[in-house]
Amino acid sequence: MQGLRGRTEAGWSGEAAIYLFAALLAFGTLAWMEALHANVLVVESAADSSHFVRDGLMLLPLALAATLWGLRPHRRRGPGLPRAAAATATAFAGLLTPAAAAHIALHNADETAVAHAGPGGAIAPELAEESHGLASTLLHGVTDAMLALPVAFLLSLAALALLRRRHERAALPAAPRRRLLLTASTLVVAGAAAVVPVSGAVSPDYPKFAAPLFIPPVLTGQNIDLTMAETQQQILPGETTKMWTYNGSFPGPTIRRPTGVPTNVTITNNLPESAGSMSTHHHGAQTTEDSDGQPSDYLIPPGASKTYTYPAVDSGGAERAAPQWYHDHRDMVTGRNVWMGLAGMFIYDDPFEESLNLPKGEYDVPLMVADRQFDAGNQIPYTFLENGVFGDVILVNGVPQPFHDVGARRYRFRLYNISNKRDLRFRLSNGQSITQIGTDSGLLPEPVSRDSILLGPAERADVVIDFAGHRGETIVLENADAAFGPGERDAEVMQFRVSNEEVTDTSSPVPAALRPLPPTGPPVVTRTWNFDRTDQKWTINGKSFDPNRVDAQPTLGTTERWVFRNPTSQPHQVHVHLNDQKLVSRNGQPPPAYERLKEVWHVDPGEEVVVDIPFSDYTGKFVIHCHVLEHEDDGMMTQFRTLPASRHHSPPPSGSAKDTLSRKIRILSSKRLRRILRRGLRFEAAAPVNGATLRATMKVRGRTVGSVRRTRLSRGRVKVTLRVSRRGRARLRPLVRKRRRLRTVLKVRAGGETRRARFTIRR
Ligand code: C2O
Ligand code: CU
Ligand code: CU
């Protein structure tokens with residue numbers, strides 16, 4: 001073999017070829033790595049090309065060094081193509097190991113740093129908590145480099161073959177001086193690339209207060225149809241944003257209904273099949289469990305519809321009027337689904353509120369506020385971050401920092417914070433106070449004048465702002481809790497432009513007394529719920545969500561005292577389904593006047609919130625969870641089951657009392673990915689009847705990765721091995737590499753019974 005042998009007299013074309021070769025190696029390998037790391041659940045968006053170019057340029061010196069090494073002259077004989085390619089590829093992989101590890105470490109810091117603090121901001125100290133260990137980062141680096149090896153080899157081989165044909169006579173490698181020049185220039189390029197900020201960290205620019213506030217369409221009928229679909233929304237100027245919406249708008253239509261009469265909402269899932277099954281929860285409503293939008297039961301599969309019934313009654317009477325909302329609640333992907341746009345308002349009205357003559361119609365304005373992060377193509381790809389996902393653009397009813405023309409009179413605003421993670425502290429730029437008249441659960445006993453109102457995710461405040469005396473002024477609704485600091489765009493929510501005209505206000509001033517709190521009996525049980533962090537997971541009382549586990553069984557007709565504690569370093573938003581909760585104390589202090597009755601509680605680190613819950617109306621399984629959606633998806637959720645009032649003893653959780661056969665699924669084998677891939681997952685389950693057929697499927701992030709079927713079993717416990725399918729293998733490997741731990745669900749159906757076991761696959 002000759003031709004690759006060093007000859008120094010050739011022209012610069014040899015160097016150019018080497019340079020091209022190195023570039024091919026760097027970008028080709030990178031493209032492969034990115035493809036491997038692509039998270040199947042991240043909604044595909046316009047590739048973050050500037051990031052790609054930067055990373056590729058940064059890889060260039062490594063690729064060049066490997067190339068020069070691979071092509072170095074051999075004394076006795078020139079390296080054969082495969083040998084040169086192998087040498088290049090190994091050298092490249094070797095250099096890649098520390099580089100990949102460093103890159104991963106950077107991104108781990110970045111994920112939280114960029115998303116949470118933004119440009120110029122400081123990393124919130126609480127976010128440093130989730131450190132990714134050095135060992136695992138290094139290991140990740142090594143695996144990445146190993147995975148790059150075959151591709152680097154093939155690329156080298158192809159490039160060398162090409163080089164040899166085109167430069168049969170060309171000198172490879174270059175003369176020492178040219179090599180030096182080549183290396184130096186590459187280092188300069190890489191260095192320059194390294195300091196260039198990549199897009200994606202900051203959403204594209206748009207003019208603030210330039211777009212008018214959007215008021216979602218209002219639906220008032222008893223039977224309502226909503227269709228979930230992927231639609232294009234004009235959010236930022238230029239490109240439209242692909243979102244998942246109810247009836248084509250973000251937020252979805254506002255449902256406005258009287259309480260005390262049922263509303264039937266039929267929801268159709270026309271989302272792309274890859275989005276999986278959905279579950280819509282009417283947040284704040286009291287419903288039977290099958291209409292509650294449960295995380296893993298009563299789902300709406302792709303293409304299917306489901307009718308939810310909302311009776312709007314509470315202990316025989318009408319539910320209190322309240323600013324409620326609806327949103328997706330699917331287990332483990334609620335954060336993604338809401339981020340993509342699956343949310344809308346559901347406001348209940350009742351004669352009591354009507355009698356107060358508060359501002360109505362166009363003077364009663366719902367404001368659904370949420371942050372989103374846009375990429376350079378105006379898309380909002382979602383990447384799960386267990387600490388919560390932030391964005392740097394504040395949307396009000398889907399419009400970035402809109403303006404709203406108002407008259408110099410009283411307005412009622414329903415303030416919603418539906419961000420996945422971000423807290424918002426609303427205040428007015430002119431220092432005017434805001435009159436809070438209600439919470440998540442309807443009107444307060446008395447109005448409260450507030451300088452600012454803190455709303456964490458899922459919380460609402462019903463407020464009245466009086467613009468009288470402010471003719472011709474512009475007043476900004478601010479967020480005093482801006483992550484990017486005052487003056488940044490997350491510090492200003494929207495602008496009110498008060499018209500110069502004189503208007504007559506037909507509404508009544510807010511009365512000094514609003515609505516008394518509902519009566520609650522003395523609590524019969526006290527339960528404590530620690531919103532905690534356990535084994536690197538967000539947990540409640542140390543446990544991750546398990547749809548087969550129930551942690552409390554309150555009896556209908558009784559009141560229980562629940563204590564919410566936050567021993568972690570991040571705030572949690574404790575939300576209990578079914579009944580509203582009356583605040584007993586916050587940190588041992590009597591309830592503040594503005595949060596007497598609610599269903600979402602902001603619990604700061606170290607805080608303790610005590611509430612009384614009068615359980616009523618529906619028996620069944622309901623969830624309690626943190627409404628920081630990524631905490632919820634990470635497992636900070638559990639269930640209680642309400643028991644009928646007549647029972648004096650608690651029944652066994654499932655099956656009949658005499659039935660001693662344990663229905664529990666036990667995982668017998670190792671939960672390490674390598675073992676599962678090689679030998680399958682071994683588990684023990686129950687065949688409840690003779691002749692039963694057992695079917696088990698293992699799902700990771702909503703996708704089936706393996707299944708098994710056993711027929712004609714005799715009643716009793718059986719041991720079964722489930723093997724991962726070829727496609728499952730392809731899915732699992734990159735996922736595990738990316739996440740290190742994967743929440744997995746094993747669903748076993750036998751003799752008409754379904755059981756699930758959840759566990760974590762580790763690398
Ligand atoms: Cu708004 Cu269980 O959720
Ligand atoms: Cu809810
Ligand atoms: Cu939380």
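None of these values were measured; they are calculated from a predicted model. Atoms within a ligand are numbered from 1 in the order they appear, just like the ligands themselves. Just so you know, these numbers use all the heavy atoms, side chains as well, and skip hydrogens, waters and symmetry mates.
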Please report, to 10°, the angle around the Cu ion (ligand 2) from atom NE2 (His281) across to atom NE2 (His575).
160°
Arg641 vs Leu643, side chain to side chain contact (heavy atoms under 4.5 Å, CB included): CA-CA, chis, key distance, verdict:
CA-CA 6 Å; Arg641 184 197 302 280; Leu643 304 176; 4.1 Å; yes
Name the one of His283, Glu632, His281 that satisfies side chain to side chain donor-acceptor pair (under 3.5 Å) with His329?
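Among the candidates, only Glu632 passes.
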Can you name the one residue among Asn417, Asp490, Asp481, Asp392 that meets side chain to side chain donor-acceptor pair (under 3.5 Å) with Arg422?
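Testing Arg422 for a side chain to side chain donor-acceptor pair (under 3.5 Å) against Asn417, Asp490, Asp481, Asp392 leaves exactly one candidate, Asp490.
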Would one find an N, O or S atom of His329, in either backbone or side chain, under 2.8 Å from atom 1 (Cu) of ligand 1?
no
Taking the N/O/S atoms of His577 one by one, which is nearest to atom 2 (Cu) of ligand 1?
NE2
Hydrogens and angles aside, do Gln286 and Tyr310 bring a side-chain donor and acceptor to less than 3.5 Å of each other?
no
Which of these passes ring-ring contact (aromatic ring centres under 6.0 Å, His included) with Trp562: Phe531, Trp601, Phe615?
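Of the listed options, the one satisfying the test is Phe615.
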Answer key: the N, O or S atom of His283 nearest to atom 1 (Cu) of ligand 1 is ND1
Please report, to 10°, the angle around atom 1 (Cu) of ligand 1 from atom NE2 (His627) across to atom NE2 (His327).
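It is 110°, given to the nearest 10°.
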